[in-house]
Amino acid sequence: MAVIVTGLKELQHTLNKFLIDTDKAVSIAIGKTAFAVDKRAKLAIRDPSIGTHVTRYSASGKPYAHVASKPGDAPNTDTGRLINSIAIKFTTGDQVAHVFTNLEYGFFLETVHNRPFLVPALNAEIGSFKDRVTAAVSAQIEKAKQ
């Protein structure tokens with residue numbers, strides 16, 4: 001008795017279209033999450049927190065009034081350097097992304113002075129990571145259907 005299967009190549013081709021590249025989906029989700037953390041951290045700094053009125057000094061030594069944020073809140077923007085220093089290091093295909101500031105005082109604001117802006121942004125976005133992976137996988141499935 002012999003069994004002849006026809007259309008095996010076509011079946012294999014169709015099945016191959018539905019192989020999901022989970023590494024790519026995770027990478028896409030990581031990238032989108034990093035950009036969301038970046039945006040959320042910058043918005044937290046832009047959104048003023050009413051703390052205490054302080055006197056700061058410009059580079060030329062001139063005094064000016066500033067409202068420092070209250071402890072536990074993101075720092076209030078002063079010169080804009082902190083917001084402009086927040087950056088993302090991510091390459092498509094990588095399984096890791098870094099959202100950071102290269103300003104030394106950013107670290108001290110985040111940790112020592114209890115004016116966090118990066119960690120709360122990450123904590124707020126990490127819950128959406130699973131949804132971003134699901135969306136990336138769904139997009140691959142939709143693309144395979146075409």
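Here the structure is a predicted model, which is why all the values come from computation and not from measurement.
- A donor-acceptor pair under 3.5 Å is absent between the side-chain atoms of S27 and the main chain of D23, judged by distance alone.
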* Asked: Hey, mind stepping through D78 and R56 against side-chain contact (heavy atoms from CB on, under 4.5 Å) and telling me if it holds?
  -> CA-CA 9 Å; D78 187 6; R56 297 265 171 90; 3.0 Å; yes
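- In this view, D73 and S49 satisfy the side chain to side chain donor-acceptor pair (under 3.5 Å) rule, not counting sequence neighbours.
- Residue N76 comes nearest to D47 through the heavy atom pair OD1-O, 4.1 Å, listed as atom of the first residue, atom of the second, then distance.
- Side-chain contact between K62 and Y57 is absent, with no heavy atoms from C-beta onward closer than 4.5 Å.
- Annotation: the span from L103 atom CG to S85 atom OG amounts to 3.5 Å, rounded to 0.5 Å.
- Side chains of E110 and R115 form no contact here, defined as non-hydrogen atoms less than 4.5 Å apart.
- The two residues A34 and V99 have their closest heavy-atom pair at O-CG2, 3.5 Å.
- There is a path of hydrophobic side-chain contacts, each under 4.5 Å, that joins I126 to F35.
- In terms of hydrophobic clustering, with Ile, Leu, Val, Met, Phe, Trp and Tyr side chains grouped at heavy-atom distances under 4.5 Å, V133 and V37 are assigned to a common cluster.
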* Evaluation steps, side-chain contact (heavy atoms from CB on, under 4.5 Å), between T52 and V67 -> CA-CA 6 Å; T52 57; V67 178; over 6 Å; no
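- Interatomic distance, H66 NE2 to T79 OG1, rounded to the nearest 0.5 Å: 9.0 Å.
- Separating the CZ atom in R81 from the CG atom in N102 is a distance of 8.5 Å, to the nearest 0.5 Å.
- Closest approach of T101 and G106 over heavy atoms only: CG2-CA, 4.0 Å.
- Looking only at side-chain heavy atoms (C-beta outward), Y64 and T55 stay at 4.5 Å or farther from each other.
- D94 contributes no side-chain N or O that, together with a main-chain N or O of F90, makes up a donor-acceptor pair within less than 3.5 Å.
- Side-chain contact between F117 and I86 is present, with heavy atoms from C-beta onward closer than 4.5 Å.
- F100 is not connected to L82 by any chain of hydrophobic side-chain contacts under 4.5 Å among Ile, Leu, Val, Met, Phe, Trp and Tyr, and they are in different clusters.
- With sequence neighbours excluded, the residues forming a side chain to side chain donor-acceptor pair (under 3.5 Å) with R132 are T33, E125, listed by chain and number.
- Taking CD1 from I88 and NZ from K39, the interatomic distance works out to 11.5 Å, rounded to the nearest 0.5 Å.
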* Please assess K32 against F129 for the test side-chain contact (heavy atoms from CB on, under 4.5 Å), listing each intermediate value before the final yes or no. => CA-CA 9 Å; K32 287 184 177 185; F129 179 71; over 6 Å; no
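- With a 4.5 Å cut-off on side-chain heavy atoms, I30 and Q95 count as touching.
- When every heavy atom of I83 is checked against every heavy atom of R46, the shortest pair comes out as CD1-CG, 3.4 Å.
- Using a 4.5 Å heavy-atom threshold, the side chains of Y105 and H113 count as separate.
- Residue S69 comes nearest to P75 through the heavy atom pair OG-CA, 3.5 Å, listed as atom of the first residue, atom of the second, then distance.
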